[in-house]
Amino acid sequence: MIDRKELRVNAAAMEQALSKRGEKAVNASSAWGVALSLDEKQRLLKTEAESLQAERNRVSKIIGQKKATGEDASAELHSMGDVGKRAKVLDAEAKEAEAAFAMTLLEIPNIPHASVPEGKDENDNEEIRVWGNPRHDEVPAHWDIGESLGIIDFDAGTKLAGSRFSVLRGAGARLERALIQFMLDKHADVNGYDEVWVPAIANRKTMTGTGQLPKFEEDLYALTGEDAFLIPTAEVPVTNLYQDMILDASQLPIKHCAYTACFRREAGSAGRDTRGIIRQHQFDKVELVQLVQPENALTALDELLSHAVSILESLNLPYRLVNLCAGDLGFSAEKTFDLEVWLPSQNTYREISSCSSFGQFQGRRAGIRVRDDQGKPQAVATINGSGLAVGRTMVAILENYWQKDGSVKIPEALQSYMGGMTAITPKVTA
RNA sequence: GGAGAGAUGGCUGAGUGGCUGAAAGCGCACCCCUGCUAAGGGUGUAUAGGUUUAACCCUAUCGAGGGUUCGAAUCCCUCUCUCUCCGCCA
């Protein structure tokens, strides 16, 4: 959520910065476009309502005093007439206007940071570096590797739940678990994160705190009979751990890592990545979350990014680092780096981690604050990123570690997590 | 699932219609006192919004939402959550 005071005091500069996301972010029908007038209206009504309330309170106080001393208060009582009623009506109007304004505010995307490159879509993203030695020989797609090794069962997933679900078997299931464990250990023991385990269901308020709601409800799985949803990322519960709290400066930075399953309806991606496990309705992810002082946001983003990178490098997976342009930036992010892993079967890099700074955007929405030097509360900055998406990491391992004999080597760093296994080989059918 | 009790500031905890944004204690901050320490004394200590150069001031908030009333932390209704007992259960 953008700062409502900024909106009023600095509208022109804000609009300029916001327009980096594209004209549609600031045109007349955009949330931004209507916010200014709604704010004006809201404040006007509020001022009016408050002055009537003040009058009501003043006279009521006198009545109370007179009654206490046994004086006659009928003049005051009479003069009040329907003031109380009118005050309530005005207050209701003011509240309605405030709610409309607040709702609009919630639909305005974050303002891109000045360091975010200009651009319309993913084609304008800025490649920062590439790492590793991508292989360019013929490699089967991970779904073929997975099926021939008998470790990914797509039919079973479809039967049980529908399209975009799968079942992992044997070494595949073990590899999923090994990856989770490996990533968590690294982040908790080496990178300095406090591990947390959180619910996979979040209520509406929590979903609003991190920005999934109100705008993206159709991307979420909603529970029947409850105002709650399956989480699309651990970012939601982990960040909201501090919802409506005023933190002491000495508590920062707060760094958490968490493993959760993630659930996404993929409403807007029909037809994309329909084969394989790149885009599933349910997937595992180890997430990194930091809460920091606003002035430290970008430094923290660099640090968190290096932690995600450390997983890729210790698995020796070739990747490239991309700085997202303004047009490709997510709703809540002020700046995002994507890590893309090399997939030889597709001869391209595919996103495996997205590391973002949200500035104070989520802090304002979720009511997470920290006291500044003067002791005044201000919204914290939040940073998060995947470290990493587990399913996609498995895809990358299957393809990058695939051997001509059809087997897949286990990366050295994972072998101890796989009970000493050094390769997954096709099952010998009797 | 059944029965009952409860939700007040950073914490504990008073408060059943009026001067209570809220007693008291604890904690915290600053000051005083005191060879040091300990003990003691004093002052201050919620959040958001509006107005303002600032102070003052005004409004809202005692789990959430609605209602009664000139006036609600206090009365009524609905919801959420917590606790206790019983039942069930991985």
Side-chain angles (χ1 to χ4, degrees), chain A residues 1-10 35-106 197-209 213 222-229 237 240-252 254 261 360 362-380:
Chain A
M1 184 164 64
I2 60 169
D3 186 80
R4 55 166 79 194
K5 205 160 221 163
E6 265 312 275
L7 168 96
R8 195 154 71 237
V9 180
N10 245 333
L36 279 169
S37 62
L38 283 182
D39 180 37
E40 184 75 31
K41 182 183 171 195
Q42 175 259 136
R43 274 183 301 125
L44 224 73
L45 281 168
K46 196 178 246 175
T47 307
E48 203 182 337
E50 283 186 358
S51 63
L52 197 58
Q53 283 166 348
E55 170 68 6
R56 179 199 66 194
N57 291 348
R58 191 183 64 81
V59 178
S60 289
K61 199 167 265 185
I62 295 173
I63 294 172
Q65 284 162 351
K66 287 203 168 180
K67 288 211 166 175
T69 56
E71 286 178 72
D72 173 36
S74 58
E76 282 79 8
L77 272 169
H78 183 74
S79 80
M80 284 305 277
D82 60 348
V83 167
K85 291 233 170 3
R86 282 196 293 132
K88 244 165 212 176
V89 170
L90 262 179
D91 185 53
E93 281 177 39
K95 273 189 179 152
E96 198 178 321
E98 146 71 25
F101 172 58
M103 183 54 77
T104 309
L105 268 190
L106 288 175
W197 185 91
V198 293
I201 289 175
N203 60 30
R204 183 172 294 275
K205 181 177 178 184
T206 296
M207 285 291 186
T208 305
L213 293 178
L223 301 190
T224 304
E226 297 185 48
D227 202 19
F229 309 83
N240 279 286
L241 238 26
Y242 301 93
Q243 180 186 96
D244 291 326
M245 286 176 77
I246 301 179
L247 303 167
D248 194 85
S250 64
Q251 292 175 261
L252 300 185
I254 290 170
Q360 295 173 282
Q362 292 180 329
R364 285 193 204 97
R365 292 173 84 103
I368 309 172
R369 292 168 291 174
V370 58
R371 293 190 187 281
D372 64 17
D373 303 337
Q374 283 92 48
K376 281 257 174 283
Q378 62 162 340
V380 295

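Keep in mind the model is a prediction, meaning the values are calculated, not measured. These numbers come from the heavy atoms of this one structure, side chains and all, not from hydrogens, waters or symmetry mates.
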### Message
Whether D3(A) and R364(A) form a salt bridge (side-chain N of Lys/Arg under 4.0 Å from carboxylate O of Asp/Glu) is what I want to check.
### Response
yes

### Complement of A54(B), any strand, by Watson-Crick or G-U distances under 3.5 angstrom
none

### Task
Determine: side-chain N/O of N203(A) to OP1/OP2 of U80(B), distance under 4.0 Å, yes or no.
no

Please produce a list of atom pairs where a protein N or O lies less than 3.5 Å from an N or O of nucleotides 46-50 of chain B.
from, atom 1, to, atom 2, distance (Å)
U47(B), OP1, R371(A), NH1, 2.7
U47(B), OP1, R371(A), NH2, 3.4
U47(B), O3', R369(A), NH1, 2.9
A48(B), OP1, R369(A), NH1, 3.1
G49(B), N2, E50(A), OE1, 3.2
G50(B), OP1, R8(A), NH1, 3.2
G50(B), OP1, R8(A), NH2, 2.5

### Task
Let me know the distance between CD of E55(A) and P of A60(B), rounded to the nearest Å.
13 Å

### Query
For atom C1', what is the distance between G10(B) and C89(B), given to the nearest Å?
38 Å

### Query
Over how many whole Å does the gap from R58(A) atom CZ to C57(B) atom P extend?
17 Å

### Query
Do the charged groups of E98(A) and K95(A) touch, with an N to O distance under 4.0 Å?
no

### Message
Can you measure E48(A) atom CD to A60(B) atom P for me and round it to whole angstrom units?
### Response
16 Å

### Task
For G66(B) and A72(B), measure between their C1' atoms and round to the nearest Å.
14 Å

### Task
Would you mind classifying the nucleic acid contact of A54(A) as base, sugar-phosphate or nothing, using non-hydrogen atoms under 4.0 angstrom?
sugar-phosphate

### Query
Counting any heavy atom closer than 4.0 Å, what does D91(A) reach on the DNA or RNA strands: base, sugar-phosphate only, or nothing?
nothing

### Query
Nearest of G71(B), C19(B), U59(B) to any side-chain atom of S60(A)?
G71(B)

### Query
Partner of A38(B) by Watson-Crick or G-U wobble geometry, both contacts under 3.5 Å, or none?
none

### Summary
Taking a pair to mean Watson-Crick or G-U wobble geometry with both distances below 3.5 Å, G65(B) pairs with C77(B)

### Task
Map K66(A) and L77(A) onto RNA chain B by nearest heavy atom, then report which one ends up closer to the 5' terminus.
K66(A)

### Task
May I ask you to say what K88(A) touches in the nucleic acid, namely base, sugar-phosphate or nothing, with a heavy-atom cut-off under 4.0 Å?
base

### Separation of T69(A) OG1 from Q65(A) CD (nearest 0.5 Å)
8.0 Å

### Message
Taking only side-chain N and O atoms of R56(A), does any of them lie within less than 4.0 angstrom of OP1 or OP2 on A60(B)?
### Response
yes

### Task
Look at the side-chain N and O atoms of N57(A) and state whether any lies under 4.0 Å from the OP1 or OP2 oxygen of C58(B).
no

### Query
When rounded to the nearest Å, what value does the distance between C1' atoms of U8(B) and U61(B) take?
12 Å

### Message
Need the pair for A29(B). Rule: Watson-Crick or G-U wobble, both distances under 3.5 Å, any strand; none if unpaired.
### Response
U43(B)

### Query
Got a donor-acceptor contact below 3.5 angstrom from the R204(A) side chain to the D227(A) backbone?
no

### Task
Using the P atom on both, measure C81(B) against A24(B) and round to a whole Å.
36 Å

### Message
Rounded to the nearest 0.5 Å, what separates atom CZ in F229(A) from atom CD1 in I201(A)?
### Response
11.5 Å

### Query
With rounding to whole Å, what would you report as the distance between G2(B) and U12(B) at their P atoms?
30 Å

### Query
Expressed in whole Å, how much space separates the P atoms belonging to A64(B) and A73(B)?
12 Å

### Message
Expressed as a whole number of angstroms, how long is the span from I63(A):CD1 to C70(B):P?
### Response
9 Å

### Query
At what distance, to the nearest 0.5 angstrom, does CG of L105(A) lie from CE of M1(A)?
6.5 Å

### Query
On a whole-Å scale, what distance lies between the P atoms belonging to C32(B) and U51(B)?
40 Å

### Task
Return the value, rounded to whole Å, for the distance between atom CD of E76(A) and atom P of C19(B).
17 Å

### Query
C70(B) and G17(B): how far apart are their C1' atoms, nearest whole angstrom?
12 Å

### Query
To the nearest 0.5 Å, what is the distance between CD1 (I246(A)) and CD (Q251(A))?
11.0 Å

### Task
Taking only Lys NZ, Arg NE, NH1 and NH2, and the carboxylate oxygens of Asp or Glu, determine whether D91(A) and R56(A) approach each other closer than 4.0 Å.
no

### Summary
When both distances are under 3.5 Å in a Watson-Crick or G-U wobble arrangement, the nucleotide paired with A72(B) is none

### Task
Would you indicate whether E71(A), at its atom CD, is surrounded by more than 12 heavy atoms from other residues, nucleotides or ligands within a distance under 6.0 Å?
yes

### Query
Which part of the nucleic acid, if any, lies within contact of Q53(A), taking any heavy atom under 4.0 Å across all strands shown: a base, the sugar-phosphate backbone alone, or nothing?
sugar-phosphate

### Message
Can you measure D244(A) atom CG to G10(B) atom C1' for me and round it to whole angstrom units?
### Response
15 Å

### Query
Quick one: K205(A) NZ to A64(B) P, roughly how many Å, whole number?
10 Å

### Message
Expressed as a whole number of angstroms, how long is the span from D248(A):CG to C28(B):C1'?
### Response
11 Å

### Summary
For G87(B), the nucleotide meeting Watson-Crick or G-U wobble distances (both under 3.5 Å) is none

#### Entry: Watson-Crick or G-U counterpart of G9(B), or none if no pair lies under 3.5 Å
none

### Message
Show, in sequence, the C-alpha distance, side-chain angles and deciding distance for V59(A) and V83(A), and conclude whether the side chain to side chain contact (heavy atoms under 4.5 Å, CB included) test is met.
### Response
CA-CA 10 Å; V59(A) 178; V83(A) 167; over 6 Å; no

